[in-house]
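Let me begin by presenting the structure, written as structure tokens, before commenting on it.
As the structure is a computational prediction, the values presented were derived from the model and not from experiment. In the text below, chain A, chain B and the rest are named by the order of the sequence lines, each starting its count at 1.
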Amino acid sequence: MAERDYNFKEIEKKWQEKWEKGNVFKTPRDPGKKKYYLLEMFPYPSGRLHMGHVRNYTIGDLMARFMVMKGYNVLHPMGWDAFGLPAENAAIQNNIPPFKWTGDNIEHMKTQFDRLGFSYDWDREVATYKPDYYRWNQWVFVKMFEKGLAYRKNAPVNWCPRCSTVLANEQVENGKCWRCESDVTQKELNQWFFKITAYAEDLLKGLESIREGWPERVLVMQKNWIGKSHGTLINFKLETGEDFPIFTTRPDTVYGVTYMVIAPEHPFLDRISDPKVRAFIDCLKSQSLIDRLSEEKEKEGIDTGIKVVNPFNGDRVPLYVGNFVLMEYGTGMIMSVPAHDSRDFAFAKKYGIPVKLVIDNPDAPIDVDAMADAYVEDGINVNSGPFNGLRNRETIEKIADYAEEKGIGRREVNYRIKDWLISRQRYWGCPIPAVYCDNCGIRVVPEKDLPVLLPTDVDFRGSSKSPMLSMDSFVNTICPDCGGKAKRETDTMDTFVDSSWYFAKYASPKSAAMFDEEVDYWMPVDQYIGGIEHAVLHLLYARFFTMVLNDLGLVKCREPFTRLLTQGMVIKDGAKMSKSKGNVVDPDVIMDRYGADTVRLFMLFASPPDKDLEWSDKGVEGCNRFIGRIWRVLDKYREYITEEMPDDGPLSGGLKALRSELHRTVKAVTKDISERLQYNTAIAKMMELVNVLYQVDEKEISSPQGRRIISELFFKLVPMLNVFIPHVAEEMWEILGRTGYLYNQPWPDFIEALTARDEIELVFQVNGKIRSRVQAPASISKEEMEKMALDDARVKGFIEGKEIVKRIVVSGKLVNFVVKG
RNA sequence: GCCCAAGUGGUGGAAUAGGUAGACACAAGGGACUUAAAAUCCCUUGGGCUUUUUGUCCGUGCCGGUUCAAGUCCGGCCUUGGGCACCA
């Protein structure tokens, strides 16, 4: 009869209290140990944890606990990405001040975290809405302004009408707002930018140094986003002799240019007076960029009447205005080669522009008049003056050389990435510390006057606009230079600025400075864990910011995250859990029914961490059942537990196999956790061990050697369980009679020699087909294996009367005979 | 269109270095215990053929290749998911 059933409610509460009272999770700083900084992306304090959070933080907690047991000084902090729109929307709807709404949510979510048993050092909590935190946003902003890395410009920007604020390029997904999915429109506005383009090359090169530890697809996404392309800037000329430079990655086709196209918003076009052309330009300019460039939109253009001269062959070609040319990329104008670019080809056919072949297919010469589409493959240059007969790949380099020699062009590198627009026309964020003086212009707030505090005594009633706009006490100030009247910037910073450096602040959360020397001890983050959705948002901004901080001499590292794990989504009924789909499962409900340990175990068992996880109520029950099985078997054998460890004496078959299985399990679980990051198979192996244990007779367990083996088993299994199901593992540790927190125990070791099996199964094949399986001693030699196979009755039947032409013996695995006849 | 993943039983998934496909779990079926149920424990479980054991054939999206041997490597395709998208 069980002494006590598995009562998760009691156990989990008991250990959560003990951990807290014992200050168990405080960050150690033992000089004799190596550091390990494990971080999960901090949450937005929406008010409730969802399953995605639970998964993310369960994976992180496992890794943190594992590294503690492995003897590292582990930094495992948690904080709050606390600025942002939901707080403001809640304020507008219910007139709760965002400050209070956010603070209350944080308090509630903290209790949820504690209920899950996560090992955070709350002394290091960081929340971005606190002035002590965001003042350093402002301070870095001022430094960046001084270095020209923060600047203000007029530019067409993305505008979300629903959030009534501008957005960065990275925050527009398929023309929709990343947060609310409204259609984004374009506006011409004067806004603050961070010059991330100045770090384009660094951001690209830096990817090399983190290649080992980051998922391939994130590296690829960042690389594509930065979008480096090598090309040549070629100086076409107007008939007046004026320069007309264009960027191309295909200089090998320059002899085939039959027209040029310019972006409608290009200032060059101001000189055009032809009313028809003007009307076309004005029409295009009135459309939003999204509309103009939308996929369905056909390419449209109009001939300006202006001719452009090709510096290579002197051809005079027409200049068109086109709806598809981007002002921000290259020089805002392009050369068009219809023979070798499908888009140019379609445009040329539409407007009756000639097509000129300059690359021919050496295998099937092309008839230019019969072309149905552009020829975009490689080939041999024709109609290309001195470059005729060259392979076009070589021509690319030759033309660039030639252009540089003759001074009609130069090699150039272009990037797709644009500067980071950080202004937000919203209240609940970090104030941008700028002032506007009629006399002195744009000024930043001097260091000594920071922080610029966000007013918190605000009233949202009757308006969805930022309350700061109408707060004279905030807006009116004096110019730091001339002392005259000035106005404060009322925009706040993009919240992605807040999250671009929080990971460094955890090193010294209470320091009066931005950082102290602790930052260089803990940074960089050794393992970062979060969702794939930040592949080019947060993860790019954070890398940029770290590089800026490094250049400012504030941190020693240049890359913030050495290793990155992007965990998969939590899926139910084939779709990501979301309120709008109505397929959410509330973690609290599951914890009420099964406890935190079961939820954690399921999160780790149902799928490898980087893959999506399909929610399954039945699967949760299965995990709960497994905990129950261990609980019962420990309860059954607890009276046999002894501190005496097994000696080298002979063991009965069952005990020997059990001990061997135990050591194999420790080995495999250790590897799965530390090398393979496959927690599902680690759990499966512990399940197998428990299954083997269930097969062993109690009589064997109760023998003197049996007692030692079963004790060794639990003294190793329970510490392994600690990283998956810490509450019940601590309780079991206590049942085993050990004192102190399991949290601080060393990770179990294993004896390599014991992991070997005595007997192995050999497979005998004839012509690659399995014909027999036999048991053999593990020490069997290749020669003996072959002999066994030859003597095997089943094998004999397949090789009799035939010639063995090849014999393959794989040690300890199989024998394969290839026979003929 | 370009780039990147992935495709394995009824389901989630395993197979780590080319060497026994389907570990572990869920579901299903059977049994033990019980007055009964729940819980628990034990057994079966990819498919076909074979009366059964034995055996034998098929089987990792599709077609082909390399190899004694392919889920794994190579070439070509299909499907799904994701990213970028007039970037010149």
Side-chain angles (χ1 to χ4, degrees), chain A residues 2 5 173-174 215-225 227-229 231 246-250 253 260-261 292-295 297-299 322-326 328-337 341-344 346-347 376 414-418 532-533 535-536 569 571 602 605-608 610-623 625-626 628-629 632 668 671-672 675-676 678 680-688 690-691 694-695 760-773 794 805-819:
Chain A
D5 285 335
E173 295 166 354
N174 291 323
E216 174 74 20
R217 60 175 173 158
V218 177
L219 295 169
V220 168
M221 279 163 76
Q222 290 217 354
K223 192 175 167 219
N224 290 345
W225 188 263
K228 182 179 185 175
S229 64
I246 59 92
F247 174 77
T248 180
T249 54
R250 293 294 306 276
T253 64
M260 311 283 285
V261 192
R292 207 181 89 202
L293 297 172
S294 81
E295 205 176 340
K297 212 80 172 188
E298 204 175 322
K299 285 174 188 47
N323 61 345
F324 57 95
V325 178
L326 300 168
E328 307 93 77
Y329 190 79
T331 59
M333 347 189 234
I334 61 166
M335 67 178 210
S336 290
V337 185
D341 182 291
S342 293
R343 298 161 302 174
D344 293 353
F347 190 89
V376 296
N414 257 293
Y415 297 93
R416 188 187 164 284
I417 190 171
K418 307 207 178 66
I532 185 73
E533 66 272 19
V536 283
M569 292 183 298
I571 303 284
F602 175 72
F605 180 60
S607 168
D610 55 328
K611 299 266 165 50
D612 286 350
L613 180 149
E614 175 82 30
W615 179 265
S616 155
D617 291 329
K618 291 288 182 186
V620 176
E621 275 178 42
C623 288
R625 211 172 292 155
F626 174 59
R629 269 167 80 81
R632 280 188 298 277
K671 191 175 177 189
D672 279 351
E675 290 172 37
R676 302 209 311 144
Q678 282 225 162
N680 53 336
T681 51
I683 294 164
K685 275 157 194 151
M686 292 188 293
M687 286 173 169
E688 284 182 74
V690 173
N691 289 344
Y694 265 76
Q695 301 304 315
I760 51 173
E761 192 181 57
L762 295 180
V763 169
F764 297 150
Q765 298 179 328
V766 179
N767 287 342
K769 292 202 166 177
I770 295 162
R771 296 303 178 186
S772 187
R773 296 162 203 263
R794 299 254 324 110
V805 294
K806 199 165 183 180
R807 301 150 188 252
I808 294 107
V809 183
V810 182
S811 188
K813 287 211 166 113
L814 61 78
V815 179
N816 185 15
F817 295 127
V818 183
V819 297

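- If you take CE of A/Met569 and C1' of B/A6, they are 13 Å apart, rounded to a whole angstrom.
- Across every non-hydrogen atom of A/Lys685 and A/Asp672, the tightest pair is NZ-OD2, 3.1 Å.
- With its glycosidic angle within 90° of 0, B/A17 adopts the syn conformation.
- B/G22 and B/G13: their C1' atoms are spaced 10 Å apart (whole Å).
- B/G7 and B/A14 are spaced 16 Å apart, taking the C1' atom of each and rounding to whole Å.
- Taking the nucleotide of RNA chain B with the nearest heavy atom to each of A/Tyr329 and A/Ile532, the more 5' of the two is matched to A/Ile532.
- At least one side-chain heavy atom of A/Ile808 sits under 4.5 Å from a side-chain heavy atom of A/Val818.
- Rounded to whole Å, the separation between the P atoms of B/U45 and B/G55 comes to 15 Å.
- Atoms CE (A/Met687) and P (B/C24) sit 10 Å apart, rounded to a whole Å.
- In this structure, A/Glu675 reaches neither bases nor backbone, as no heavy-atom distance under 4.0 Å exists between it and the strands shown.
- Only the P atoms considered, B/G46 is 15 Å distant from B/A25, to the nearest whole Å.
- Phosphate contact (OP1/OP2 of B/A39, side-chain N/O of A/Arg625, threshold under 4.0 Å): absent.
- Closest approach to the A/Arg632 side chain among B/G19, B/G13, B/C41 is made by B/C41 (side chain taken as heavy atoms from C-beta onward).
- When the side-chain nitrogen and oxygen atoms of A/Asn680 are compared with OP1 and OP2 of B/A14, one or more of them lie within a distance under 4.0 Å.
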Go through A/Ile246 and A/Ile334 one step at a time and tell me if the side-chain contact (heavy atoms from CB on, under 4.5 Å) criterion holds. CA-CA 6 Å; A/Ile246 59 92; A/Ile334 61 166; 5.7 Å; no
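- Pairing each heavy atom of A/Gly768 with each of A/Asn816, the nearest pair is N-OD1, 3.1 Å.
- With P as the reference atom, B/G83 and B/C77 are 24 Å apart, rounded to whole Å.
- The shortest side-chain heavy-atom distance between A/Trp615 and A/Phe602 falls under the 4.5 Å cut-off.
- Taking every side-chain heavy atom of A/Lys685 into account, B/U16 is the closest of B/A14, B/A88, B/U16.
- Note on A/Asn691: only backbone sugar-phosphate atoms sit closer than 4.0 angstrom, heavy atoms only; bases stay farther off.
- Rounded to whole Å, atom P of B/U54 lies 12 Å from atom CZ of A/Arg773.
- Within the 4.0 angstrom heavy-atom criterion, only backbone atoms of the sugar-phosphate kind lie near A/Ile770; the bases stay farther away.
- You'll find the side chain of A/Phe324 stays beyond 4.5 Å of the side chain of A/Leu326, heavy atoms only.
- What separates CZ of A/Phe817 from C1' of B/A69 is a distance of 15 Å, to the nearest Å.
- Closest contact between the side chain of A/Arg771 and the listed nucleotides B/G19, B/C3, B/C57 involves B/C57.
- A close approach under 4.0 Å does not occur between any side-chain nitrogen or oxygen of A/Arg217 and OP1 or OP2 of B/A6.
- Counting non-hydrogen atoms under 4.0 angstrom, A/Val810 reaches a base of the nucleic acid.
- Taking 4.5 Å as the limit, some side-chain heavy atom of A/Val766 sits within range of a side-chain heavy atom of A/Val819.
- Closest approach of A/Arg676 and A/Thr681 over heavy atoms only: NH2-OG1, 3.5 Å.
- In terms of modelled atom types and a separation under 3.5 Å, the side chain of A/Arg794 and the main chain of A/Arg771 share a donor-acceptor contact.
- A/Asp612 contributes a side-chain N or O that, together with a main-chain N or O of A/Met569, makes up a donor-acceptor pair within less than 3.5 Å.
- Judged by distance alone, with hydrogens and angles left aside, the side-chain atoms of A/Asn414 form no donor-acceptor pair with the main-chain N or O of A/Ser229 at under 3.5 Å.
- For RNA chain B, runs of at least 3 consecutive pairs of the Watson-Crick or G-U wobble type, with both hydrogen-bonding distances under 3.5 angstrom, map to B:1-7 with B:78-84, B:10-12 with B:24-26, B:28-32 with B:40-44, B:46-49 with B:55-58, B:61-65 with B:73-77.
- The phosphate of B/C41 (OP1 or OP2) has no side-chain N or O of A/Gln695 nearer than 4.0 angstrom.
- Of all the residues in residues 611-622 of chain A, A/Asp612, A/Lys618, A/Gly622 reach under 4.0 Å from RNA chain B with at least one non-hydrogen atom.
- Taking only side-chain atoms of A/Val220, from C-beta outward, the nucleotide of B/A15, B/A88, B/C3 with the closest atom is B/C3.
- Here A/Val763 lies in heavy-atom contact (under 4.0 Å) with a base.
- The base of B/C84 lies outside donor-acceptor range of the side chain of A/Asn224, with no N or O pair under 3.5 Å.
- One C1' atom belongs to B/G47, the other to B/G59, and the distance between them is 7 Å to the nearest Å.
- OP1 or OP2 of B/C42 has not a single side-chain nitrogen or oxygen of A/Tyr694 nearer than 4.0 Å.
- In this structure, A/Lys223 atom NZ and B/A85 atom C1' are separated by 17 Å, rounded to whole Å.
- Spacing of P atoms, B/G48 relative to B/C26, comes out at 25 Å, to the nearest Å.
- In this structure, A/Lys769 atom NZ and B/G55 atom P are separated by 15 Å, rounded to whole Å.
- Residues A/Arg629 and A/Asn691 have side chains that bring a donor and an acceptor to within less than 3.5 angstrom of each other.
- Taking only side-chain atoms of A/Trp225, from C-beta outward, the nucleotide of B/A15, B/G19, B/C84 with the closest atom is B/C84.
- For the pair A/Gln678 and A/Asp341, nearest-nucleotide mapping onto RNA chain B gives the more 5' position to A/Gln678.
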Worked verdict on A/Asp341 versus A/Phe347 for side-chain contact (heavy atoms from CB on, under 4.5 Å): CA-CA 10 Å; A/Asp341 182 291; A/Phe347 190 89; over 6 Å; no
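- Distances shorter than 4.0 Å separate none of the side-chain N or O atoms of A/Arg416 from OP1 or OP2 on B/C2.
- One finds no side-chain N or O of A/Arg794 lying less than 4.0 angstrom from the OP1 or OP2 phosphate oxygen of B/U54.
- In terms of heavy atoms, A/Arg250 sits closest to A/Met335 at O-CE, 3.6 Å.
- Distances were taken from every side-chain heavy atom of A/Thr248 (C-beta onward) to each of B/G83, B/A88, B/U16; the shortest belongs to B/A88.
- The separation between A/Lys806 atom NZ and B/C68 atom C1' is 6 Å, rounded to whole Å.
- Comparing B/C86, B/G19, B/C24 by their nearest atom to the side chain of A/Glu688 picks out B/C24.
- Nucleotide B/G18 holds its P atom 15 Å from the CG atom of A/Leu814, rounded to whole Å.
- B/A21 and B/G29 have their C1' atoms separated by 24 Å, given to the nearest Å.
- Here the nucleotide nearest the side chain of A/Arg629, chosen from B/C41, B/A88, B/U16, is B/C41.
- An anti base is found at B/G76: its glycosidic angle is more than 90° from 0.
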